[in-house]
Amino acid sequence: MKIGVVTFPGSLDDHDSQRAIRLAGGKAVSLWHADADLHGVDAVVLPGGFSYGDYLRAGAIARFAPVMDKLVPAAQGGLPVLGICNGFQVLCESHLLPGALIRNDHRKFICTDQRLRVENDSTAWTGDFESGQEILIALKNGEGGYVADEATLDALEGEGRVAFRYLGANPNGSYRDIAGITNERGNVVGLMPHPEHCVESGFGPSTDGLAFFTSVLHSLVDA
């Protein structure tokens, strides 16, 4: 299975994501922000970083990249897409996921090991977890506060679309301790913490991140 990883100007976790895909057993395919097609990939990762320098607003310019002209309709058609940190911001800016990411409530960049609870194990990227499972994932962001209006938050909760929730102290002021969400179909997932940094023993606080990438491979085989 081929999983594409998009590199925007300013991406910095694209190679980490590619390595995580290979460790999970998939074939990583590099996608460039100016690509006019998705090169036949079976799923896509939008990695962390500072796309286009995060000018205007994090992810605000990346949503207009040529590759997004193909990615948005493909995601709406069912292509599995995972947005990590800056990738999550791009997914919200592209309206593939609701809400927005704003400056952390303490106005400081944070880098820490973060406990999460898996709230939804039925998405393309969470099938190898169990609902209620606690995992430990690296977290690093300056604009990680997830916000949405009350109606949207109630809909996410009511429809089981909160995929991950922060445990312990809320690291960035995200509403309702939300760390990650999914779309209605369950093929698009965005989260702020970084699973690609938690896939090998000795590197990162755990290997809990590997299950994100094995999950999508298993979902593609079962499809």
Distance in Å, [X] [atom1] paired with [Y] [atom2], rounded so as to fall on 0.5 Å steps:
{"X": "L210", "Y": "D128", "atom1": "CG", "atom2": "CG", "value": "9.0 Å"}
{"X": "Q89", "Y": "E143", "atom1": "CD", "atom2": "CD", "value": "6.0 Å"}
{"X": "L91", "Y": "R63", "atom1": "CG", "atom2": "CZ", "value": "12.0 Å"}
{"X": "I3", "Y": "L217", "atom1": "CD1", "atom2": "CG", "value": "4.5 Å"}
{"X": "L31", "Y": "H39", "atom1": "CG", "atom2": "NE2", "value": "6.0 Å"}
{"X": "C198", "Y": "Q114", "atom1": "SG", "atom2": "CD", "value": "11.5 Å"}

Check: N120 side chain, V162 main-chain N or O, donor-acceptor pair, under 3.5 Å: no
Donor-acceptor contact present, side-chain N104 to main-chain R107, <3.5 Å: no
hydrophobic_cluster_shared for I102 and I61, side chain cutoff 4.5 Å: yes
Shared hydrophobic cluster for V5 and L220 (ILVMFWY, side-chain gaps under 4.5 Å): yes
Under-4.0 Å salt bridge between R165 and E157: yes
R117 with E134: basic N within carboxylate O range, under 4.0 Å: no
Minimum-distance pair of heavy atoms, taken over all atoms of I137 and P193: CG2-CB, 3.5 Å
Donor-acceptor pair between [X] and [Y] side chains, under 3.5 angstrom:
{"X": "N86", "Y": "D13", "value": "no"}
{"X": "N172", "Y": "Y146", "value": "no"}
{"X": "T126", "Y": "D121", "value": "no"}

Residue pairs involving residues 202-223 (criterion ring-ring contact (aromatic ring centres under 6.0 Å, His included); sequence neighbours excluded): F129-F212, F164-F212
Trace of the salt bridge (charged side-chain N to carboxylate O under 4.0 Å, His left out) decision for E196 with R19: CA-CA 8 Å; E196 78 280 16; R19 180 167 177 78; over 6 Å; no
